[in-house]
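Here is the structure we will look at.
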Amino acid sequence: MPRILPLFTKTLTDSWRSTLAWAVGLAAACMLYLPLYPSIGGSAQMQDLINALPAEMTKALNYDQIASGPGYTQATLFGLIGFLLMSMASIGWGAAAVGGDEESGLLELTLAHSVTRVQVVLERALAILVRIVFLSILVFLMVLGLNGPAQLGIDVGHLAGAVLLFAALALLSGTAALFAGALTGRKVYGIAAGAAVAVLGYVFNAVGRQSPDVEWLLNLSPYHWAYGNSPVANGADWGAVAGLFAISAALIALGAVALRHRDVGV
């Protein structure tokens, strides 16, 4: 293995096929949803249909935003199908990074070489980050390329901020999965932790938007931290960007500490 970041390099090499598959899925989502905006999102008929639906449903799905190009992109791509695909990819990578390797017995073999436990966590976390950045750049370029033809009217600066939050939100689920895997040595617990961050964040946002009585749930939702400001339309909330990345960094550090101080393979 290469001497510089050997685990990082090997992880990227071993996972390029899955990364390519997720890239194809995200590109397909962009091509499927965004070109439909002129005939669906911006039409008076669609707005009438949205108005006819229960307000609770439209708020839960963020469909109250789809009358504009940025709102449509926010609701359908960043807030729904893109969020789902990126979360699944990140959670899978995070859960496999330590917990999956330990379950299969490969982690003990890796640690038998001249690498440390902290190095395992940090380099594999870096691999997760790089793959998320790659997919996020792809989404940025796809949306940018479709911005004119699909008549979306998205500001490039706002799009960049939205993609940064898109990446930060996915990274949070991935690092939660990595931390749980490092803490327990089990892939299933990593998947559960990452899924809890993604699913509960989405649910808390959906429920918290229904009534002032439950608005406090929005404060517990990473999904709302990222998208509550509708970044595609209004630009990024830089406090949310910093907060999401800071939490991910803390989870990585805690994962490194957890793996360093427990028995492996027990």
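Being a predicted model, the structure only gives us computed values, none of them experimental.
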Provide the full list of side chain to side chain donor-acceptor pair (under 3.5 Å) pairs with a residue in residues 160-180, sequence neighbours left out, each pair given once.
-> Thr175-Ser248
Report the C-alpha distance between Leu259 and Leu183 in whole Å, list the side-chain angles of each, state the deciding distance to 0.1 Å, and finish with yes or no for side chain to side chain contact (heavy atoms under 4.5 Å, CB included).
-> CA-CA 6 Å; Leu259 184 61; Leu183 181 66; over 6 Å; no
Asp155 meets the side-chain contact (heavy atoms from CB on, under 4.5 Å) criterion, sequence neighbours left out, with His158
Verify side chain to side chain contact (heavy atoms under 4.5 Å, CB included) between Arg209 and Val214, making sure each step is shown before the conclusion.
-> CA-CA 8 Å; Arg209 297 185 70 214; Val214 289; over 6 Å; no
For Gly235, does its backbone N or O pair with a side-chain atom of Asn229 as donor and acceptor, under 3.5 Å?
-> yes
Same apolar cluster (I L V M F W Y, side chains within < 4.5 Å links), Trp16/Leu129 | no
For Leu122, check side-chain contact (heavy atoms from CB on, under 4.5 Å) against everything at least two apart and list the hits.
-> Val118, Ile252
Closest non-hydrogen atoms of Pro222 and Gly201, given as atom of the first, atom of the second and distance, are CD-CA, 3.9 Å
Are Leu106 and Ile191 connected in a single hydrophobic cluster, I mean Ile/Leu/Val/Met/Phe/Trp/Tyr linked by side-chain heavy atoms less than 4.5 Å apart?
-> no
Residue list, salt bridge (charged side-chain N to carboxylate O under 4.0 Å, His left out) with Asp101, at least two apart or on another chain | Arg124
Thr116 vs Val120 side-chain heavy atoms within contact, under 4.5 Å = no
Rounded distance (nearest 0.5 Å) linking atom OH of Tyr223 with atom CG of Leu218 = 12.0 Å
Is any side-chain heavy atom of Met86 less than 4.5 Å from a side-chain heavy atom of Leu26?
-> yes
With Glu103, which residues qualify under side-chain contact (heavy atoms from CB on, under 4.5 Å), at least two apart?
-> Arg186, Lys187
How long is the gap from OG1 on Thr110 to CD on Glu102, to the nearest 0.5 Å?
-> 11.0 Å
Partners meeting side-chain contact (heavy atoms from CB on, under 4.5 Å) with Leu220 (sequence neighbours left out) | Phe204, Trp216, Leu217
Distance-only donor-acceptor hits, side chain of residues 74-84, under 3.5 Å, sequence neighbours excluded:
unit_1 : atom_1 : unit_2 : atom_2 : d
Gln74  : OE1    : Val232 : N      : 3.2
Thr76  : OG1    : Tyr72  : O      : 2.7

Heavy-atom check, side chain of Pro6 versus side chain of His113, under 4.5 Å = no
So CD1 of Ile4 and OG1 of Thr9: to nearest 0.5 Å the spacing works out to 8.5 Å
Find the distance between CZ (Arg131) and CG (Leu171) and round it off to the nearest 0.5 Å.
-> 11.5 Å
Cluster membership besides Tyr189, Ile/Leu/Val/Met/Phe/Trp/Tyr side chains within less than 4.5 angstrom, sorted by chain and number, is Val188
For Leu12 and Ala127, work out which heavy atoms get closest and say how close.
-> CD2-O, 3.9 Å
Residues 90-99, side-chain donor-acceptor partners within the protein, below 3.5 Å, at least two apart:
unit_1 : atom_1 : unit_2 : atom_2 : d
Ser90  : OG     : Ala170 : O      : 2.7
Ser90  : OG     : Gly174 : N      : 3.1

Might you point out which heavy atoms bring Ala182 and Gly255 nearest each other, and give the distance in Å?
-> CB-O, 3.5 Å
Is it true that Leu7 and Val121 fall in one hydrophobic cluster, defined by side-chain heavy atoms closer than 4.5 Å?
-> yes
Of the non-hydrogen atoms in Ala193 and Ala176, which two are nearest, and what is the gap between them?
-> CB-O, 3.8 Å
Treating Ile, Leu, Val, Met, Phe, Trp and Tyr as nodes and any side-chain heavy-atom pair under 4.5 angstrom as an edge, say whether Leu107 and Leu5 lie in one connected cluster.
-> yes
How long is the gap from CG on Leu172 to CG on Leu251, to the nearest 0.5 Å?
-> 6.5 Å
In a table with atom names and distances, give each donor-acceptor pair under 3.5 Å that connects a side chain of residues 132-146 to protein atoms at least two apart or in another chain.
unit_1 : atom_1 : unit_2 : atom_2 : d
Ser136 : OG     : Ile132 : O      : 2.8

Within the distance-only criterion (no hydrogens, no angle test), does the side chain of Trp225 pair as donor or acceptor with the backbone N or O of Asn219 below 3.5 angstrom?
-> yes
Audit row: Leu169, Tyr227, side chain to side chain contact (heavy atoms under 4.5 Å, CB included) steps and yes/no = CA-CA 9 Å; Leu169 189 57; Tyr227 295 152; 3.8 Å; yes
Where the side chain of Gln151 meets the backbone of Pro38, is there a donor-acceptor pair that is under 3.5 Å apart?
-> no
Without swapping roles, check the side chain of Ser221 against the backbone of His224 for a donor-acceptor pair under 3.5 Å.
-> yes
Which pairs pass side chain to side chain donor-acceptor pair (under 3.5 Å) with one or both residues in residues 161-171, sequence neighbours excluded?
-> none
In terms of hydrophobic clustering (I, L, V, M, F, W, Y; side-chain heavy atoms under 4.5 Å; direct or indirect links), are Val24 and Trp22 co-clustered?
-> no
Evaluate the criterion side chain to side chain contact (heavy atoms under 4.5 Å, CB included) for residue pair Tyr202 and Val199; output intermediate values, then yes/no.
-> CA-CA 5 Å; Tyr202 186 89; Val199 173; 5.8 Å; no
Not counting sequence neighbours, which residues clear salt bridge (charged side-chain N to carboxylate O under 4.0 Å, His left out) with Asp14? List them please.
-> Lys10
Between CG on residue Leu244 and CZ on residue Phe166, distance to nearest 0.5 Å = 13.5 Å
